[in-house]
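In what follows, every heavy atom counts, from backbone to side chain, and hydrogens, waters and symmetry copies are set aside. First listed ligand is number 1; within each ligand, the first listed atom is number 1. Counting from 1, the numbers follow the sequence of the chain as shown.
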Amino acid sequence: MYYLMVTEAGNFNQDIEIAWGQHKAKIFDKGQLLTLSLDKSSGSGFQSKNWYMYGKIDMHIKLVQGNSAGTVTTYYLSSQGPSHDEIDFEFLGNSSGQPYTLHTNIYTQGKGAREQQFYLWFNPTADFHMYSIIWNPHCIIFLVDNTPIRVFNNNEGVGIPIPSRQPTRIYSSLWNADDWATQGGRVKTDWTKAPFTASFRNYNANACVWPSASPCISKSLSSLPTNSWMNRVLTANDRRKLEWVQKKYMVYNYCTDTKRFPKAIPLECKQSKFR
Ligand SMILES: *[C@@H]1O[C@H](CO)[C@@H](O)[C@H](O)[C@H]1NC(C)=O
């Protein structure tokens, strides 16, 4: 398979398709802004037209304001099929004034259960913030306003490689998950506050797009500039920021959940200091 390296200033009119809840997804400003909404009848969602293999994908999101309990806003990369790969940002709503939880997960070859959750150091409903996924042959990095919050290294050595065989699309959705999302499902969606709305803008993809006649990695990785997203690994400064986030804002880490994994923590957790 061949991929072409592209830089897309994504336009919602051209580069995405509404995947469900047709009338509840709206595009404004000549494709620069998109809103998803949710009411009792359904939520809504969109997906990229392009299929990607490796990339740095950015999205600016402003989450549901006020009482967002029971709602989940998602932004993720996923391949299709039973052994799928997936890199997830999910924003779990909360009662007014209570903190959103940013839930992350990584599936490789159909296997997930690698959740890490965070609070944010700002109010994600007051303004747009940038959420990015860097995915290259070395690692997957989740970033919030350019601050790395999570890294998943290529653990080929223990049989857990970086997803590299299946092209993925970008997906975003807003849906009702009040059976589990907020305070373990205890707080339900307040439908008197519907419709709920989340906004998206500045979708940007520096990525390899499939299919193409020319290979994305035509040269060896080492011939690309070291600052290319394709070669990006954590710098010393990134590591300091990641440590700060993990120390102050991480609220759940599967790697330290010995109740859930009583026999042994997952193999990839042992590989790096930054889990
Ligand atoms: C919602 O707020 C409660 C109380 O502050 C907190 O325990 C919880 O982690 C927050 N997030 C979710 C998704 O329930």
Visitor: Identify, for atom 5 (O) of ligand 1, the protein heavy atom at the shortest distance, and state residue, atom and that distance.
Guide: Gln98 OE1, 2.6 Å
Visitor: Only heavy atoms of Thr182, strictly under 4.0 Å: list the atoms of ligand 1 that pass.
Guide: 14 (O)
Visitor: Within ligand 1, which atoms have a heavy atom of Pro99 less than 4.0 Å away?
Guide: 1 (C), 2 (O), 5 (O), 10 (C), 11 (N)
Visitor: Which atoms of ligand 1 have any heavy atom of Gly93 under 4.0 Å away?
Guide: 13 (C)
Visitor: With a 4.5 Å cut-off on side-chain heavy-atom distances among I, L, V, M, F, W and Y, is there a chain of contacts connecting Tyr100 to Leu38?
Guide: yes
Visitor: Which is closest to atom 11 (N) of ligand 1 by heavy-atom distance: Asn94, Val72, Val251?
Guide: Asn94
Visitor: Using only heavy-atom distances, determine whether the side chains of Gln183 and Asn94 contain a donor-acceptor pair under 3.5 Å.
Guide: yes
Visitor: Quickly, which of Tyr171, Phe12, Tyr203, Trp20 forms a ring-ring contact (aromatic ring centres under 6.0 Å, His included) with Phe46? Name it, please.
Guide: Phe12
Visitor: Should you measure from each heavy atom of Thr101, which atoms of ligand 1 turn up under 4.0 Å away?
Guide: 9 (O), 10 (C), 11 (N), 12 (C), 13 (C)
Visitor: With heavy atoms only and a cut-off of under 4.0 Å, state how Ala181 meets ligand 1: side chain, backbone, both or neither.
Guide: backbone
Visitor: Just by modelled atom types, is the Ile149 backbone N or O under 3.5 Å from a matching donor or acceptor in the Gln246 side chain?
Guide: yes
Visitor: Go through ligand 1 atom by atom and flag the ones less than 4.0 Å from a non-hydrogen atom of Leu92.
Guide: 13 (C)
Visitor: Can you confirm, on distance only, whether ligand 1 has an N/O atom lying under 3.5 Å from any N/O atom belonging to Tyr119?
Guide: yes
Visitor: Determine yes or no for a side-chain-to-main-chain donor-acceptor pair under 3.5 angstrom, with Thr35 supplying the side chain and Ala198 the backbone.
Guide: no
Visitor: Could you tell me if Ser37 and Lys26 have a donor-acceptor pair between their side chains, going purely by distance under 3.5 Å?
Guide: no
Visitor: For atom 14 (O) of ligand 1, what is the nearest protein heavy atom, given as residue, atom name and distance?
Guide: Gln183 N, 2.7 Å
Visitor: Less than 3.5 Å apart, which donor and acceptor atoms pair up between the side chains of residues 106-113 and the rest of the protein, not counting sequence neighbours?
Guide:
residue	atom	partner	partner atom	Å
Thr108	OG1	Arg114	NH1	3.1
Thr108	OG1	Arg114	NH2	3.4

